[in-house]
Novice: 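I'd like to ask you about the structure that follows.
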Amino acid sequence: MVPKLFNALTKQKEAFKPLKEGVVTMYNCGLTVYDYASIGNLRAYTFVDVLRRYLEFKGFTVKQVVNFTDVGHIFGDVDVGEDRIEAAAEREKKDPWAIAEFYIEAFLDDWRKMNFEEPMVRPRATEHIKDMIELVQKLIDKGYAYVVNGSVYYDVTKFKDYGKLSGNTVEKLKLGAGGRVEFNPEKRNQFDFALWINDPKHVMNWKSPWCEKGYPGWHIECSAMSVKYLGETLDIHTGGVDNLFPHHENEIAQSEAATGKRFVNYWLHNEHLLVEGQRMGRSLGNIYKLSDVVARGHEPKALRYLLLSTHYRQQLNFTWDGLVAAKNAIDRLVNFVRRLLDADGKGSGEEIKHLIERVRRDFEDAMDDDLNIGPALAALFDFVRDVNKLLDDNLLSKEEAGEVHRLMSKFDEVLGVIGEVKKEEKLSKEAEELIAKREEARKAKDWMTADKIRAQLKTMGIIIEDTPEGVQWRFAK
RNA sequence: GCUGGGGUGGCCGAACGGUUCAGGCGGCGGCCUGCAGAGCCGCUAUAUGUGGGUUCAAUUCCCAUCCCCAGCUCCA
């Protein structure tokens, strides 16, 4: 079946069809690297990663681009905002380049720990200044942009489709801004936005055709880099809902004005994360990072599960209890796969075939419906329970267990939380002897000695479990 | 102030107006086990913010109201 995705442009679920059959071009708005990524940022990339993995599960090749915004940008109005990277530079007494480099490295580390797949390319804004300047020049040449005092602005009244994504048409914006006192007098229209900013004081600055020392506007990098790596029309563009306006609206205005073509076919936005039911914010002191999660003794995979287990267009309530629940849910899956390795039963014939058929269908049907992860996971856990019953009754043959194992791995290509589960083989001589001694003690019903040895092995990092098939051991994580 | 999204059991979260309202986690009990672990079964569970309305039937539709979140206004 063809997956359906909720397109912010049309505000409805649409059958997903890439421009080129079998290949998906996807641009994911990246991080502004002035600080560590928050778990809110990580939610956005968890969504992106599951989306990518699911498209691959469906057989698509995904060409993914995730940028780094390593030029400081002024959030809010150009004249009154604060450049976050330069502010961080001042705070940490480093130059902005070092700030960006540092947080890029930190983010790449998070990326790996979260088990996100590596994108095709990770372009940085500072490495594409030339592309941006060319794009700005094109917009000037086509009459969409104008130069004032060495800065360049985009004239929103020239782009007739302005507001088609967010609904913020120029008329509506004017209505909303009734009480606004100050606005940049350089602009022709109040809602024009900067493409290039003339500012000799800006630490990161470049020479351009319009001024000696300036830097690019906030939105132009994504337009320039996406077209460079993925072409003039993208299949998918993602970001947090906060990017919908003005960022993505302005990207559309720039890109479509420059190319005359549709910029993006499917706009996908993830909802935000709440922390204990509250907004995550600096003033509330509840901005958590991956390192905070790890410092409290949780594995990144638990966070990954927690973040992916709620539908991406739904606000997700992050709680520390939820993280524990997530870890335990993963354990259930891992224990299940581990059990499969030892299965050597009679065989269940039709029954397991039906269970496999059902879980495949239910999982895929759910995910095809705009990545509806809830019912997909429910189907998976139903399957686990039903197969566990077969295992309890020794009704699963080695071959059947192998097939189930492969299926679980297939699902995990999307979820990325189980990982490789295999039988551990190497045990020290000492441990082997202890296990043998314990078996002797058990045979003699000397439980005291048996329990003592079990405790001793545990301190060596070896978990002992007695099963009807005999003693099992594994390394503690 | 305007616009949009949301409030579901102890917690997290599903659900196209209609079979007992998924699933996970937690707690309790049982089976299995020497014990533990894993697993299975049952209970927790007469859960849909509140008050009205429409309907044979409402978590779902309508109105009002409270709370949370976001965007715009404003500010950070």
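Below, read A as the first sequence line, B as the second, and so on, with proteins coming before strands; counting in each chain starts at 1.
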Novice: Mark yes or no for a side-chain to base donor-acceptor pair under 3.5 Å between A:R454 and B:rC35, with no hydrogen or angle criteria applied.
Specialist: yes
Novice: Kindly point out which of B:rA38, B:rA70, B:rC68 is positioned nearest to the side chain of A:H272?
Specialist: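 Of all the options, the side chain of A:H272 is nearest to B:rA70.
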Novice: Rounded to whole angstrom units, what separation is found between the CG atom of A:D386 and the P atom of B:rC40?
Specialist: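 It works out to 9 Å between those atoms.
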Novice: Answer yes or no: does a side-chain N or O of A:N388 lie under 4.0 Å from OP1 or OP2 of B:rC40?
Specialist: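 For B:rC40, OP1 or OP2 has a side-chain N or O of A:N388 closer than 4.0 Å.
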Novice: Just to be sure I understand the rule, does A:Q314 reach a base, reach only the sugar-phosphate, or reach nothing, if contact means heavy atoms closer than 4.0 Å?
Specialist: sugar-phosphate
Novice: Stacking check: are the rings of A:W447 and B:rG34 less than 5.5 Å apart at their centres and under 30 degrees in tilt?
Specialist: yes
Novice: Closest approach to the side chain of A:N335, judged atom by atom: which nucleotide of B:rG39, B:rG34, B:rC41 is it?
Specialist: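 Nearest to the side chain of A:N335 among the choices is B:rG39.
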Novice: Using a 4.0 Å heavy-atom cut-off across all strands, classify A:L316 as base, sugar-phosphate, or nothing.
Specialist: sugar-phosphate
Novice: Figure out the CG/P separation between A:D382 and B:rG13, and round it to whole Å.
Specialist: 20 Å
Novice: Looking only at N and O atoms, is any donor in the side chain of A:D451 or the base of B:rG34 less than 3.5 Å from an acceptor on the other one?
Specialist: yes
Novice: Using the side-chain heavy atoms of A:A378, tell me which of these nucleotides is nearest: B:rA38, B:rA22, B:rG71.
Specialist: B:rA22
Novice: Taking all heavy atoms of A:H272 and all of A:D242, pick out the closest pair and write down the distance.
Specialist: NE2-OD1, 3.1 Å
Novice: Any side-chain N or O of A:N317 below 4.0 angstrom from OP1/OP2 of B:rG13?
Specialist: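 For B:rG13, neither OP1 nor OP2 has a side-chain N or O of A:N317 closer than 4.0 Å.
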Novice: Between B:rA36 atom C1' and A:I462 atom CD1, what is the distance in whole Å?
Specialist: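 Result: 17 Å.
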Novice: B:rA70 pairs with which nucleotide, Watson-Crick or G-U wobble, both distances below 3.5 Å?
Specialist: B:rU3
Novice: Find the distance A:I464:CD1 to B:rU33:C1' and express it as a whole number of Å.
Specialist: 16 Å
Novice: Looking at every strand, decide which applies to A:E271 at a 4.0 Å heavy-atom threshold: base, sugar-phosphate, or nothing.
Specialist: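 No contact.
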Novice: A:Q315 side chain: which of B:rA70, B:rG34, B:rG26 is closest?
Specialist: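 Of the options given, the side chain of A:Q315 lies nearest B:rA70.
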Novice: Measure CG/A:N168 against P/B:rC2 and give the value in whole Å, please.
Specialist: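 About 17 Å, once rounded to whole Å.
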Novice: At 4.0 Å (heavy atoms only), tell me whether A:R442 reaches a base, stays on the sugar-phosphate, or touches nothing.
Specialist: base
Novice: Identify, between A:R339 and A:A326, the residue whose nearest nucleotide on RNA chain B lies closer to the 5' end.
Specialist: A:A326
Novice: Does A:G277 reach a base, just sugar-phosphate, or nothing at all? Heavy atoms under 4.0 Å.
Specialist: sugar-phosphate
Novice: Is A:K389 touching bases, backbone alone, or none of the nucleic acid, heavy atoms closer than 4.0 Å?
Specialist: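 Sugar-phosphate only.
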Novice: Quick one: the side chain of A:D466 and the base of B:rC35, do they pair up donor-acceptor inside 3.5 Å?
Specialist: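 Yes.
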Novice: Could you say whether A:F336 or A:N372 is positioned toward the 5' end of RNA chain B, judged by the nucleotide with the nearest heavy atom to each?
Specialist: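 Result: A:N372.
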Novice: Atom CD of A:Q472 and atom C1' of B:rA36: how far apart are they, to the nearest Å?
Specialist: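 Taking atom C1' of B:rA36 as the reference, CD of A:Q472 is at 15 Å.
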Novice: Rounded to whole Å, please give me the gap between CG in A:L306 and P in B:rC11.
Specialist: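 That distance rounds to 16 Å.
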Novice: Please tell me which of the listed nucleotides, B:rG39, B:rA36, B:rA14, lies nearest to the side chain of A:E465?
Specialist: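 My answer, after comparing the listed nucleotides, is B:rA36.
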